[in-house]
Amino acid sequence: MGIDITKLQEKLCSILCANIHIMPLKNGIMRVETPFLFSDGDPYQIYIREMSSGILRMTDCGHTLMHMSYENDISKIRDGTRNKIFQDIMSEMDLNEDDGELFMEFNADNLATILFKFGQSLTKISDLNFLNKARVESTFYEDLYESILKTVSADVITESYVLPELQDAQNYPVDYKIEGKSGNPLFVFGVPGRDKARLATIILERLLRQKVNFDSLIVFSDQTLLPRADLARLTNVGGEMVSSLDAQDDLQRKLVKYARSEPTLN
């Protein structure tokens, strides 16, 4: 049986119209009710305002970024990899921002197209919250370093440290070397996933074979996601461990235990 495209089109239009409403508010502002929802079930806040030039502005009135701030530190969207992704979305979707308000300006004839584009834009922006829950490798290391700096002075930290006495030392870098209280350096390894867990195991085994004096701290993005065999091998050669970067109190406590917090005075 063939599909009647005309009836299908009519059905689609009737469903869409039934789920989208424009409600007049005060001061010439209109609210657009749509089926678009955030991940927690809250509806998108979408409004239309007529500008002095006669152009229409579709806006979230600052609600999207405010909604994201309920679960995350929204200031992180302005830094590093998150900011690059944010700016890429803004550029790709022709989205504008003014003090937290996200908006698009358009002519009335383009209302339908702009509405769906604006909804897609808000979805892309709100999905940045998931970078904290499923942290990509690049943001994981940015967040790890930021967390270390809450306790340790940057003057006692060396990033991508290579031990000069090791043969082929460039193949065995330490994510962060921190001057230690005991005189031994504290080597911090960030582990966002299985591949880094295996590499950290190899590096630690090499350091132990060379009888290097050091303390170590392993910080996982999420320890529970690692295969048991990889975790077991890393546990055998590693020192202190923090199961998740979200366990900030545990991380700070272990840094205080081993790391020199301030630079040595000359």
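Since the model is a prediction, treat every value here as computed from it, not as a measurement. Side chains are part of it too, since the values below use all heavy atoms of this structure and drop only hydrogens, waters and symmetry mates.
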[X] [atom1]: over 12 foreign heavy atoms closer than 6.0 Å:
{"X": "D249", "atom1": "CG", "value": "no"}
{"X": "M51", "atom1": "CE", "value": "yes"}
{"X": "K181", "atom1": "NZ", "value": "yes"}

In plain terms, say whether [X] and [Y] are close enough for a salt bridge, that is, a side-chain N and a carboxylate O under 4.0 Å apart.
{"X": "K257", "Y": "E240", "result": "yes"}
{"X": "R198", "Y": "D195", "result": "no"}
{"X": "R57", "Y": "E50", "result": "no"}

Show your working on salt bridge (Lys or Arg N to Asp or Glu O under 4.0 Å) between E101 and R49 and close with a plain yes or no.
CA-CA 13 Å; E101 175 190 7; R49 178 187 299 127; 3.6 Å; yes
Any donor and acceptor pair, going by atom type alone, linking the side chain of T59 with main-chain N or O of Y47 inside 3.5 Å?
no
Main chain of P35, side chain of N19: is a donor-acceptor contact present, judged purely on distance under 3.5 Å?
no
Evaluate the ring planes of F189 and F187, with Trp represented by its six-membered ring, and classify them as parallel (under 30°), tilted (30 to 60°) or perpendicular (over 60°).
perpendicular
Heavy-atom check, side chain of D42 versus side chain of L37, under 4.5 Å
no
Start with the C-alpha gap between D222 and D246, add the side-chain angles, then the distance that decides, and say whether side chain to side chain contact (heavy atoms under 4.5 Å, CB included) holds.
CA-CA 9 Å; D222 187 345; D246 294 324; over 6 Å; no
With no hydrogens and no angle check, just 3.5 Å: does a side-chain donor-acceptor pair link [X] and [Y]?
{"X": "D143", "Y": "T139", "value": "no"}
{"X": "R206", "Y": "Y172", "value": "yes"}
{"X": "S147", "Y": "Q248", "value": "yes"}

Check E146, E159, K196 against Y141 for a side-chain hydrogen bond (donor to acceptor under 3.5 Å, both in side chains) and give me the one that passes.
K196
So that I know where these two stand, are Y44 and F38 an aromatic pair - ring centroids less than 6.0 Å apart?
yes
Does Y176 have its ring centroid less than 6.0 Å away from the ring centroid of Y161?
no
